[in-house]
Structure formats: C-alpha cells, structure tokens
Amino acid sequence: MYTKYALLVLLFFSFSFSHSQMPDNFGKVTDVEKNMEFYEKDPDANAVVLYERGDNYFEVKKNRILLIKEYHGKIKIFNEKAFDHGTIEIQLYHNKKASEKLTKLKAVTHYNGDKFNVLPSEVFTTDLTEKWREKKFTFPKLHPGSIIEYSYTIETPFDFNFSGWNFQTSIPVIYSEFNAKIPGNWSYNRSLSGFLKLDVNEAKVKTNCFQIEGIRDPADCEVLKYVMKDVPAFKVEEDYMLASSNYISRIDFELSEYRRLDGTSDKYTKSWKDVDREFRSDKDIGRQLTKNGFFEKNVPEKLLKEGDDLTRAKNIYKFVQKHFNWNEKFGIYGKARVKEAFEQKKGNVLEINISLINLLNTANIKTNLMLLSTRKRGLPKKIHPVMSDFNYGVAKLTIDGNDYLLDATDKYMPFGLLPFRALNHYGRVMDFKNESYWYDIIAHTKNKYHVRAQIKFDVQEQKGYGMLDMLNQGYEAVNTRIALDQYSEDEYLESWEENIKGDFTITNYKMLPERSDDSKISERFEFELENIINGDMVYFNPFLIRFFDKNPFTLEERNYPVDFGYNRRYKYDISILIPEGYQVHELPEAKVVKLGENMAFLKFQKNETAASIQVSFDLALNSSYFEATDYEALKQVFKHVTDVQSNSLIVLKKIGLGSGK
C-alpha cells in the first residue's frame with residue numbers, strides 16, 4: 001500500500017565511506033572577515049553568512065547503515081539586531097526503535113582575536129513533541145563585529161533525512177556549498193527551487209567508491225557538488241505571498257528507484273494511475289467516499305431531492321456548513337471517519353468535505369475530491385506524485401457546464417468560494433471512475449469594497465453631517481460578516497470610529513438587506529464630524545475611509561512574486577455640498593496610473609459644480625498574481641494610492657476673501 005505520509009526512503013546504502021568528508025578548516029578566520037564592518041552587496045544587512053557547507057554520505061557502523069550529515073558554518077554579526085542568529089537550534093528525530101545522534105559539536109565566538117567556546121554543559125536538550133527533540137545553545141560573548149562559527153555531525157538511521165539543502169536564508173550568504181555521495185543502485189529525483197542559479201553544478205561518477213559487505217567487486221557512486229555565491233537574503237517583511245518554501249533557493253532530493261544487485265528493483269516514484277488505484281481502496285479516503293447509504297438515512301429526504309441540481313447543491317452545502325464544526329485540523333494523512341464525524345458534528349477538513357461529497361453524490365450530483373496544498377505550504381509538484389505535498393481536500397463538481405469548488409469547513413463562505421487559505425493555484429481532482437487530473441483554482445473575481453459618501457456642513461455648529469453607504473462583495477463581504485459575527489454592534493461601530501481620522505462619530509447604523517445576499521453585504525452609517533469648519537478657510541481630506549494607510553510594498557528588490565490570492569477592487573465616491581458663504585479655493589489634481597494593459601490601475605478624479613464637489617477613487621487589481629519583474633511598477637502604483645488617500649486636500653474659502661481659485 002502506498003504510504004500517505006511521504007515518499008520515504010525505505011532502504012538505503014549498504015556501503016562504507018571513509019571518515020569525515022569535510023576539509024579541516026574549522027577555527028580559521030581571515031583578516032577580511034575580521035575587519036568586515038558591513039556587507040557591500042547588502043549594506044543594511046544585520047549579519048551575513050560568510051561560509052556554509054554540508055556533506056551527506058553513508059557509513060556502516062557496527063553493522064548498521066547510517067546517514068551522516070556534516071555541517072560547518074560561519075556568520076559575521078554586524079550589530080545587536082543580529083544577536084538572535086547566535087542561538088542555534090538543531091532538531092533530532094526519534095521513534096521507539098532508534099534515534100538520531102548529534103556528535104562532534106564545536107561552537108566558538110571569535111572577537112578581537114579571542115575565542116570563546118560553547119561548553120558541553122551549555123548545550124540544552126528539550127523534547128518538542130513525541131518524536132522530536134531539540135539541541136539548543138547560545139554563543140557566548142556576542143558583540144557587534146563577532147564571528148560565530150560552528151560545526152556538527154548528525155548520525156541518523158532514518159534514510160528519509162537525505163532531503164537536500166537550503167542555499168538561501170533570512171540574511172545574505174557569501175558562499176554556500178552542498179556535497180553528496182550516492183551509490184549507483186539508487187536513483188533520485190532532484191529539483192532546484194527558487195529564482196537563483198547555481199554557480200557550481202557538478203555530478204561525477206567515482207569508480208570503486210564503496211564496498212558492499214559480502215560482494216567481491218566495489219561499486220561506483222555519484223558525487224555531487226552544488227554551490228551558490230553571493231546569495232541575497234530572502235526577506236519576508238511584506239504580505240501578499242505564498243509559502244516562502246516556493247521561492248527560497250534550495251535543492252531537494254527524492255528517492256525514485258532502488259536497484260538490487262540481482263537485477264530487481266523497487267520504484268518509489270509512482271504514476272498517478274498507481275496513486276488513483278491505491279487511494280480508491282484506502283480506508284481514509286476512497287472507502288470514506290462510498291458512504292452514500294449512511295448519509296441518505298441520516299439527512300432529510302427533501303435535502304437530496306427537492307429543486308434542480310444547483311438548488312440541491314446549495315442546500316446540501318449549507319446543511320453541511322451548519323451541521324459540522326471544524327476542529328481546525330486538516331486530516332489528509334490522519335484518520336478520517338465520516339460516520340463518527342457526522343454523529344459528533346465535528347471533524348477535520350477531510351471528514352467534513354468528504355461528507356459533503358457523499359451527500360452531493362447521493363443527490364445525483366457527480367462530485368469528486370480535489371487534493372490541494374494550503375497557501376502556507378509549498379505548491380504541489382506536477383512532475384510526479386508526491387503525496388506529502390498535499391494537506392487539504394475540497395469538493396469539485398460541475399453543474400450545467402459550470403465548475404464549482406466547495407469547502408464546508410468555513411461557515412462564512414458562500415457557495416462557490418474557497419477559504420483564502422485554499423487559494424493556492426491548483427489541485428489534483430481524484431476522479432476514481434476515470435483518472436485523476438490537475439485543475440486550476442480560479443478565485444472568485446467579483447471582490448469589491450465600494451464606499452459611497454455624502455457630506456454637508458453646518459457653518460453655525462462648525463460640524464459636518466453625512467452618510468456612508470458601504471457595499472462589500474465576494475471575499476470582502478466575507479471579511480465583513482466575520483467582523484459582524486465576532487463583535488457586538490457597539491464594539492463594531494467603535495472600531496470604525498477609532499479607524500476614521502478626525503472627530504468622527506457614528507450617529508446611526510443599519511444593515512441594508514434589500515441590497516445584500518450570500519455574495520454581498522450592504523451597510524449604512526450616518527455620522528457627524530466635529531470642528532470641521534473653524535475660520536475663514538476649510539481644509540478637508542475627502543477620504544474618510546482609507547483602503548491602504550501605507551504602501552505594503554517597500555523592499556528595494558523583491559525576488560519572488562506578489563500573490564494577492566484574488567482580484568480586488570476598491571472604489572470610493574463622495575459628494576461634498578459646498579456650505580453657503582464659501583467657495584472652492586483648491587482641489588487635488590486628478591491622477592491615472594496603470595500597470596500593463598489592465599493588470600492594475602488607479603483612477604482619481606474630481607468634478608466641481610456651483611453647489612457641490614464630487615471626488616472619485618477607483619483602484620482595480622485585475623490580476624491576483626504579479627511576477628517579480630512587475631514588483632517595482634506595482635510598488636509605484638501603491639505609492640500613488642497612499643499619496644492620493646493621505647494628501648488629497650479640498651480647500652474652501654469664505655466668499656469675499658480676495659480672488660477665487
């Protein structure tokens with residue numbers, strides 16, 4: 001049976017290498033490294049990795065095959081902000097039968113020609129979980145200008161820990177090298193992630209490199225060397241991105257095939273046909289999708305029979321949303337039992353959505369399970385099945401030629417919208433009657449936050465009075481419903497008053513049900529503004545509501561895409577009645593900014609009549625995904641967005657105070 005946890009390396013190398021594969025250069029610090037005050041290629045970096053090397057190979061010790069993982073690294077500390085790099089945490093795996101072992105640990109702080117060693121008594125062991133423990137230590141005598149250096153070896157009987165190497169970190173890296181030796185009996189899939197290129201990419205065959213006990217002739221092995229130089233820091237200071245694992249430059253290994261000496265072999269990389277066949281009979285997935293009889297007996301008959309296909313699908317979706325409470329567990333590779341979950345009215349993602357799929361199929365609406373990965377997890381590999389890439393499952397159905405993706409774990413999601421966490425580009429539809437296939441996740445496109453405002457001034461009371469009509473649609477409506485549900489009305493309105501600039505008070509609030517439905521929600525706020533008129537000149541920023549208080553994009557360079565998850569549109573229209581006895585003295589300048597043909601645009605316009613001023617703001621993000629090459633242009637669009645919202649000023653002047661405009 002195909003394992004649901006990962007494509008584990010189940011067997012490995014019955015051979016022996018010589019001792020340490022690393023050069024013996026520990027403790028050697030150059031004058032250039034000592035005198036470095038900043039890193040020229042990233043002057044703002046708080047620290048830089050001077051050197052980093054890893055070597056993975058296998059040895060036979062006491063008749064036991066062990067994977068040996070050697071590491072050596074040096075980091076230059078420029079200031080106190082980098083002191084957190086002086087605490088090192090090394091995770092070690094264990095089970096009831098075996099444990100990983102940390103050996104040959106050396107750690108030293110270099111400062112002003114002195115060396116301060118980490119003592120064995122300063123290395124602490126903590127149990128993190130049932131199967132993971134951590135070795136942790138902190139470098140002594142840290143100062144700006146210190147160089148911290150450490151090396152260690154991990155001996156592990158768990159072959160699956162031959163996983164790869166990260167070249168990129170949160171700080172820049174001057175030199176990073178990974179070496180490996182792999183015997184010819186084993187074939188590996190390997191993939192380079194990220195946007196950086198290797199400076200060294202070598203693969204050689206070394207003859208007679210290891211001897212298998214009991215076999216007369218020594219065998220060959222593949223010797224690998226990968227190097228990256230001057231690797232920029234991977235900065236995650238900004239929002240709107242998928243999991244960093246999609247973009248950090250690294251090399252991954254996955255066992256593809258093991259060939260025995262007798263000519264037979266085990267293949268670990270399966271085809272999707274193999275996966276389909278095995279999942280069809282799997283007790284936690286395939287068998288759980290065949291419980292139609294149970295659900296037919298335990299739900300109202302009209303739920304499955306009344307109305308057309310779309311009506312029944314919507315009613316079933318609402319029923320499952322209301323019936324279940326999500327336990328916030330995903331459950332792809334754990335126990336899934338839909339009968340128990342239904343009876344307990346609580347379950348993980350798989351239990352809830354497989355229950356939904358069962359009910360839809362019972363109602364004669366053909367529905368399949370679609371496996372995917374959440375946004376905080378890496379994108380699934382398409383080249384070949386790696387089932388550990390998936391951690392989520394939703395329902396996929398087609399009605400009258402229209403495809404729908406449903407996830408009943410979120411009670412706020414209208415029919416056809418996936419929770420934001422699931423908007424991760426594509427998934428694999430497990431159609432067991434035919435064959436599985438990839439399917440692109442297209443997020444709902446009508447996502448709008450539209451504010452219509454009116455304001456008039458009372459010169460005598462020096463106040464402004466007005467009304468805000470807000471229409472939120474799509475994912476923006478979901479956000480509003482969550483806020484309304486989580487807070488009392490007083491708390492909700494108080495939060496609005498705190499967020500709006502000036503002496504702003506809400507005097508009346510109501511929902512507008514006639515303008516609302518499952519996909520949109522409309523609200524009306526009536527308000528007062530104190531001290532808005534105070535003298536002969538009135539200065540007024542028309543943006544009572546600001547969609548972006550600051551530019552979310554501030555990096556000098558971003559080497560990975562911007563991913564909003566879904567298209568967005570922000571509109572703001574306000575009508576301002578000119579108070580009696582005043583005239584327009586100054587209006588903000590109109591502005592139009594575009595990115596590409598229609599990927600993003602900003603339109604800011606104003607219009608003036610004898611009695612009023614109309615201001616219109618329209619920001620459309622018509623694409624949810626922007627390549628790294630579009631980053632600077634997108635940053636400039638948002639620079640104009642924040643400038644328009646913060647610095648647009650309408651100036652009214654009392655009539656009779658000199659010239660007009």
With under 30° as parallel and over 60° as perpendicular, where do the rings of [X] and [Y] fit, or are they tilted in between?
X: Phe324; Y: Phe342; result: perpendicular
X: Phe319; Y: His323; result: parallel
X: Trp326; Y: Phe330; result: parallel
X: Tyr404; Y: Phe415; result: tilted

Presence of salt bridge, [Y] and [X], under 4.0 angstrom:
X: Arg377; Y: Asp389; value: no
X: Lys520; Y: Asp517; value: yes
X: Lys396; Y: Asp431; value: no
X: Asp485; Y: Lys411; value: no
X: Asp518; Y: Lys318; value: yes
X: Glu476; Y: Lys448; value: no
X: Asp274; Y: Arg277; value: yes
X: Glu343; Y: Lys339; value: no
X: Arg452; Y: Asp573; value: no

Sub-3.5 Å donor-acceptor pair from the side chain of Arg375 to the main-chain atoms of Leu423, do we have one? yes
With side chains defined as the heavy atoms from C-beta onward, is the minimum distance between [X] and [Y] less than 4.5 Å?
X: Leu379; Y: His425; answer: yes
X: Arg312; Y: Ile365; answer: yes
X: Leu621; Y: Phe638; answer: yes

Just checking, any donor-acceptor pair under 3.5 angstrom between side chains of [X] and [Y]?
X: Asn551; Y: Thr642; value: no
X: Glu340; Y: Gln344; value: no
X: Thr311; Y: Asp308; value: yes
X: Asp407; Y: Asn353; value: yes
X: Tyr509; Y: Glu523; value: yes
X: Asn472; Y: Thr480; value: yes

Is the [X] to [Y] ring centre distance short of 6.0 Å?
X: Tyr247; Y: Tyr560; result: yes
X: His640; Y: Phe604; result: no
X: Phe547; Y: Tyr449; result: yes
X: Phe626; Y: Tyr240; result: no

How close do [X] and [Y] get, heavy atom to heavy atom, and via which atoms?
X: Gly474; Y: Asn447; result: CA-OD1, 3.5 Å
X: Asn348; Y: Glu351; result: OD1-N, 2.8 Å
X: Glu238; Y: Thr554; result: OE2-N, 2.5 Å

Of Phe601, Phe548, Phe543, the one forming a ring-ring contact (aromatic ring centres under 6.0 Å, His included) with Phe617 is Phe543
Ring-face cation of Arg568 near Tyr570 (centre distance under 6.0 Å, axis angle within 45°): no
Identify which one of Asn368, Val320, Asp309, Leu406 satisfies the side chain to side chain contact (heavy atoms under 4.5 Å, CB included) criterion when paired with Leu360. Leu406
